[in-house]
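Everything on this sheet refers to the single structure shown next.
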Amino acid sequence: MTAQLIDGTALSKLLRTEVAERATALRSHGITPGLAVIQVGENPASHVYVRSKVKACQDNGLHSVLEHYPVTLSETDLLARITTLNNDPAIHGILVQLPLPPHIDAQEVIQAISPAKDVDGFHVASAGALMVGQPGFWPCTPYGCMKMLESIGCELKGKHAVVIGRSNIVGKPMALLLLQKNATVTICHSATRDLKAMTLQADVIVAAVGKRNVLTADMVKPGAVVIDVGMNRNDQGKLCGDVDFEGVRQVAGYITPVPGGVGPMTITMLLFNTLEAAERSLMSV
Ligand code: GUN
């Protein structure tokens, strides 16, 4: 069997037409959805990510501001900037690109963002809302993975989903979203004794570790759905995921490529969350 590809670029394109429509509807009510992106320092990957986020806003009718500060910015000054943005009615979403320089406590900064503008979904209020199934903002990467599963009509009820990785940004919220859809969920991590024994039972596997070849063909049940969240470089410097794509595609039913899989979906869901924040601000007027 050769797996069918879940094309994140194509799905994003489709979803971004919805984004543009919703942005137009908001503008007819006098609201232009606005995202503030804060970058501190010169992390090369952050440069690429923030530029993509700002461009996606521009391309889809959202207002965006990029605030790029030198690595020497103090935590106090960053917190003051967030307070200003929290009170700025033109800004509906605030995103502080991670990682932050070591002298800044990232948790302090994330918790300073108003939960109503937490479009990254990293605030404890957002995490708590997801935990208990209340409205809030879902972190963009797991949100995008759920949209990909939905796009192939994957019925999760009663399925066994294995999430590899337990980060606050991807692994844990991913597991909660799958649970919300009534999957039986296993979270595997660096201390898991027999990863292969777990993944071989899985109908759905989400690999989110940040390490090449965490999932190989011998670890996958025939026909399983494989979502690859990884973003790594191979020995030739080419972008690759956590999954041995060429091997696993021979066994899986569906698979996401890297690049062109989860990556574009993450940015699309950031646009969705920003729109959602703007729509909620309209409803609260
Ligand atoms: N750094 C890597 N991924 C992300 C993300 O999704 N959001 C933010 N704010 N920083 C990141």
Side-chain angles (χ1 to χ4, degrees), residues 8 12 34-57 62 64-69 71 73 75 78-79 81-82 85-86 91-102 104-127 130 136-148 163 165-174 176-177 206-211 227-233 239 241-242 256 258-259 261-274 276-277:
S12 278
L35 174 70
V37 178
I38 298 180
Q39 182 187 358
V40 184
E42 305 299 332
N43 181 294
S46 294
H47 275 301
V48 177
Y49 289 136
V50 299
R51 257 189 274 126
S52 309
K53 290 170 185 179
V54 168
K55 183 174 184 308
C57 285
L62 279 71
S64 63
V65 286
L66 171 58
E67 300 192 3
H68 186 187
Y69 296 105
V71 69
L73 182 77
E75 183 176 312
L78 179 54
L79 290 171
R81 208 41 223 137
I82 288 172
L85 291 166
N86 281 340
I91 294 299
H92 304 95
I94 303 169
L95 180 153
V96 179
Q97 187 66 27
L98 303 177
L100 286 167
I104 298 178
D105 182 339
Q107 273 308 321
E108 283 285 325
V109 172
I110 290 166
Q111 304 317 323
I113 296 171
S114 162
K117 299 191 178 188
D118 176 37
V119 288
D120 249 337
F122 294 170
H123 195 285
V124 290
S126 303
L130 170 58
F137 293 109
W138 296 344
C140 302
T141 299
Y143 191 4
C145 294
M146 293 305 286
K147 282 277 183 195
M148 291 178 115
V163 179
R166 55 174 157 178
S167 70
N168 290 336
I169 295 178
V170 184
K172 285 185 215 168
M174 187 75 232
L176 289 168
L177 288 169
V206 180
V209 178
K211 213 169 102 189
I227 308 280
D228 190 351
V229 177
M231 195 72 91
N232 312 297
R233 298 264 169 200
L239 212 55
D242 290 353
T256 65
V258 177
V262 173
M265 291 298 294
T266 295
I267 298 186
T268 300
M269 301 335 289
L270 174 65
L271 301 178
F272 265 64
N273 278 348
T274 305
E276 181 70 32

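Start at 1 and go down the list; that is how both ligands and their atoms are numbered. None of these values were measured; they are calculated from a predicted model. Hydrogens, waters and symmetry mates play no part in the numbers below; they use all other heavy atoms, side chains included.
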Any N/O of Asp120 closer than 3.5 Å to an N/O of ligand 1?
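Between Asp120 and ligand 1 (N or O atoms, distance only) the closest approach is under 3.5 Å.
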Check this for me - ligand 1, Val96, N or O atoms closer than 3.5 angstrom, yes or no?
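N/O-N/O distance under 3.5 Å: yes.
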Ligand 1-proximal atoms of Lys53, by part, heavy-atom distance under 4.0 Å
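Only the side chain of Lys53 comes within reach of ligand 1.
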Whether [X] side chain and [Y] backbone form a donor-acceptor pair below 3.5 Å:
X	Y	result
Asp228	Thr256	no
Gln97	Val37	no
Lys117	Asn86	yes
His123	Asp118	no

If you have a sec, work out which protein heavy atom is nearest atom 10 (N) of ligand 1 and how many Å separate them, to one decimal?
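Result for atom 10 (N) of ligand 1: Leu98 N, 3.0 Å.
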How far is atom 4 (C) of ligand 1 from its nearest protein heavy atom, and which residue and atom is that?
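Going by distance alone, atom 4 (C) of ligand 1 is nearest to Gln97 NE2, 4.0 Å.
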Suppose I only count heavy atoms of Leu95 and a 4.0 Å limit; which atoms of ligand 1 are within that range?
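Counting from 1, the qualifying ligand atoms are 9 (N).
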Looking at CG of Leu270 and CG of Leu95, how far apart are the two atoms once the value is rounded to the nearest 0.5 Å?
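So the CG of Leu270 and the CG of Leu95 are separated by 5.5 Å.
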